[in-house]
Amino acid sequence: MRDVCAVILAAGEGTRMRSRTAKVLHPLLGRPLVEYPVELCLRLGAKRVLVVVGAQAEEVKKALAGRPVEFIHQGEPRGTAHAVLQTEMALHGFAGTLLILAGDTPLLRDETVQSLIDTHTSARARATLLTARVADPTGYGRIIRDRQGRLRRIVEEVEAQAKEKRIPEINAGLYCFARQSLFPALQRVPASPVKGEFFLPVVIQVLLQQRMKVQTLQTSDATETLGINTRAELAQAATILRERVHQRLMGAGVTLLDPAATYIDDTVQIGPDTVIYPGVVLQGATTIGAGCVLYPHCRIQHAHLGDHVTVLDGSIILESDIAEGCVIGPYAHLRPASRLKRKVKVGNFCEVKRAVLGEGTKVPHLTYIGDAQLGEKVNIGAGTITCNYDGFAKHETVIEDEVFVGSNTNLVAPVTVGKGAIIAAGSTITEPVPPDAVAFGRAPQVTKEGRAAATRKKREAMAPPKPDDD
Ligand code: UD1
Ligand code: CA
């Protein structure tokens with residue numbers, strides 16, 4: 001690949017998506033569309049990767065930030081041939097092969113692109129293009145061949161005759177060109193009489209007229225040439241890519257109980273012997289360790305789970321770090337910057353945000369822990385709330401090792417509870433609790449002996465009881 005420079009066309013608006021977002025920025029299993037061809041070219045070791053940007057250029061650049069690519073601006077999207085022409089200056093002096101890919105064709109396999117390059121090189125062709133036979137060629141450029149099967153030209157959908165529209169062989173939009181032959185030929189591409197745009201496939205006809213050698217390579221897997229022009233095609237691509245992700249994960253030892261009902265981004269890593277129930281959604285830069293169990297309808301985004309973590313039904317984990325052996329849920333919500341050390345339990349209907357929970361700490365039921373530091377082996381009773389917000393600012397709660405917090409406690413931050421302290425159930429804690437202290441933060445109970453009978457009598461006098469029908 002040392003003699004190959006790649007050009008990725010990503011300047012179009014993508015009108016058919018009917019979106020305010022440029023087409024190549026639409027996400028497909030956790031990555032914007034344009035990232036797929038870019039990563040592919042980098043994996044194959046292209047000497048340079050040029051990305052032609054136009055619509056929402058700044059956003060496209062941002063989406064590719066940090067990758068070793070160069071951006072070329074296409075002022076107005078005047079067609080794919082016009083887009084390629086914009087790279088002429090940048091490629092001045094380069095005499096090798098230009099690999100041209102569309103920014104909206106994310107399913108191409110490395111091997112297919114590599115074999116296109118190999119075909120082009122070994123045939124010493126001036127141009128080589130990838131074709132596919134598809135069940136529904138609507139929307140694609142059709143490959144026109146003569147009786148001997150020799151390539152003649154490519155006709156776009158908008159210009160095709162009814163008979164041509166029935167041709168099932170399509171142009172995948174992936175090409176190799178000899179750089180020196182391409183740019184002069186591009187100058188001779190006329191604007192489409194129908195659309196007024198300059199179509200890149202027309203350059204093939206120009207080269208053929210100049211008696212230059214043009215090769216075609218037909219792929220055996222038509223799914224990989226899918227171009228995304230519409231939302232329906234985006235969903236179709238997601239189905240195909242999801243299937244590939246599932247194969248990769250199952251091949252690496254992950255159990256998917258119902259792959260068709262599992263939604264895992266291409267960016268997610270999962271260790272062996274992890275079991276995934278239906279309805280699980282794993283997104284973004286998420287890593288899951290080995291031997292975990294993710295029960296139905298969990299969503300985990302940009303989070304790291306260690307080995308042997310159990311996530312019970314209906315839990316949400318966002319941008320958090322969960323160490324080995326933790327048990328989460330059912331119906332727990334771990335919001336960003338939650339850090340759970342080993343063997344922590346965050347149970348039924350609990351919410352945690354920006355908090356560290358030390359090893360072996362338990363928060364089993366109906367609790368909110370926000371802006372807090374909890375030590376090791378802390379036990380938090382049901383219904384405990386860190387009152388972290390006073391209406392103006394957020395404040396921190398610190399709970400040291402081995403503290404026991406009784407049920408239904410309010411911890412009014414900022415507040416500290418020292419090591420080994422015990423807080424009585426129903427307390428509202430506003431003052432620091434020193435280590436080993438027992439704190440009662442509640443009004444003393446008033447008990448009046450024998451008063452119940454008198455109370456009932458008084459009530460009955462006011463409203464006699466109805467027959468026992470409740
Ligand atoms: C194109 C091909 C068609 C082929 C199909 C494969 C043309 C004219 N037609 O059609 O033969 O079968 O791809 O998927 O090339 N772009 C720019 N600047 C522009 C126009 C487009 O950068 O001025 C970019 C788009 O962002 C897109 C790519 O080029 O990533 C392809 O453009 P698109 O409009 O999707 O072409 P198709 O109509 O799909
Ligand atoms: Ca397209």
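All of these numbers come straight from a predicted model, not from anything done at the bench.
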(request) Any chance you could measure Thr262, atom OG1, to Asp258, atom CG, to the nearest 0.5 Å? (result) 6.0 Å
(request) Look at atom CD of Glu13 and say whether more than 12 heavy atoms of other residues, nucleotides or ligands are closer to it than 6.0 Å. (result) no
(message) Let me confirm one number: the NZ-OG1 distance from Lys47 to Thr97, rounded to the nearest 0.5 Å.
(response) 11.0 Å
(request) Taking all non-hydrogen atoms of both residues into account, name the closest pair between Leu217 and Thr112 and its distance. (result) CD2-O, 4.4 Å
(message) Surrounding NZ of Lys353 (heavy atoms of other residues, nucleotides or ligands, distance under 6.0 Å), is the total greater than 12?
(response) yes
(message) Does Val433 form a side-chain contact (heavy atoms from CB on, under 4.5 Å) with Val403? I'd like the steps, not just the answer.
(response) CA-CA 10 Å; Val433 178; Val403 164; over 6 Å; no
(request) State whether the number of non-hydrogen atoms from other residues, nucleotides or ligands found under 6.0 Å of Arg339 atom CZ is greater than 12. (result) no
(request) Look at Glu58 together with Lys61 and state whether they make a salt bridge at an N to O cut-off of under 4.0 Å. (result) yes
(request) With the side chain counted from C-beta on, respond yes when Tyr175 and Val203 share a heavy-atom pair under 4.5 Å apart, and no when they do not. (result) no
(request) Report yes if some heavy atom in the side chain of Asp266 is under 4.5 Å from a heavy atom in the side chain of Arg248; otherwise report no. (result) yes
(request) Carefully, step by step, assess Glu88 and Arg179 under the rule side-chain contact (heavy atoms from CB on, under 4.5 Å). (result) CA-CA 9 Å; Glu88 188 174 9; Arg179 189 235 175 249; 4.0 Å; yes
(request) State the CG-CD distance between Leu282 and Gln269, to the nearest 0.5 angstrom. (result) 11.5 Å
(request) State, with a plain yes or no, whether a side-chain heavy atom of Arg16 is found less than 4.5 Å away from one of Thr230. (result) yes
(message) Could you tell me if the side chain of Ile322 sits less than 4.5 Å from the side chain of Val311, heavy atoms only?
(response) no
(message) Are Cys41 and Ile8 packed together at the side-chain level, in the sense that at least one heavy-atom pair is separated by less than 4.5 angstrom?
(response) yes
(message) On a heavy-atom basis, which atom in Leu130 and which in Thr225 lie closest, and how many Å separate them?
(response) CD2-CG2, 3.9 Å
(message) I'd like to know whether Arg354 forms a side-chain contact (heavy atoms from CB on, under 4.5 Å) with Arg335, so could you lay out the CA-CA distance, the side-chain angles of the two residues, the decisive distance to 0.1 Å, and finally the verdict.
(response) CA-CA 7 Å; Arg354 193 135 55 85; Arg335 292 168 52 204; over 6 Å; no
(request) Kindly give the heavy-atom pair with the smallest separation between Asp390 and His395, and that separation in Å. (result) OD2-NE2, 2.8 Å
(message) Do Thr430 and Val415 make a side-chain contact, defined as non-hydrogen atoms from C-beta onward lying under 4.5 Å apart?
(response) no
(request) Taking all heavy atoms of Pro137 and all of Ile170, pick out the closest pair and write down the distance. (result) CB-CG2, 3.5 Å
(message) With salt bridge (charged side-chain N to carboxylate O under 4.0 Å, His left out) as the criterion, how do Arg67 and Glu35 come out once you've worked through the C-alpha distance, each side chain's angles and the decisive distance to 0.1 Å?
(response) CA-CA 10 Å; Arg67 290 184 178 76; Glu35 201 178 303; 3.3 Å; yes
(message) Return the CD to CZ distance between Gln114 and Arg43, rounded to the nearest 0.5 Å.
(response) 12.0 Å
(message) So that I can tick it off, tell me whether Arg342 and Glu324 are bridged by a salt bridge, with the cut-off set at under 4.0 angstrom between side-chain N and carboxylate O.
(response) yes
(request) Search all heavy atoms of Asp401 against all heavy atoms of Gly375 and return the closest pair with its distance. (result) OD1-CA, 3.2 Å
(request) Measure the spacing between CG of Asp307 and OG1 of Thr274 and express it to the nearest 0.5 Å. (result) 7.5 Å
(request) Looking only at non-hydrogen atoms, find the nearest pair between His365 and Cys350 and report the distance. (result) C-SG, 3.5 Å
(message) Under a plain distance cut-off of 3.5 Å, with no hydrogens placed, do Asp221 and Thr223 share a side-chain donor-acceptor pair?
(response) yes
(message) side-chain contact (heavy atoms from CB on, under 4.5 Å) for Arg231 and His26? Distances and angles first, verdict last.
(response) CA-CA 9 Å; Arg231 307 256 185 179; His26 276 261; 3.6 Å; yes
(request) Can you measure from CD1 (Ile429) to CZ (Phe440) and round to the nearest 0.5 angstrom? (result) 10.0 Å
(request) Verify the distance criterion only: is there a donor paired with an acceptor across the side chains of Asn388 and Thr386 at less than 3.5 Å? (result) no
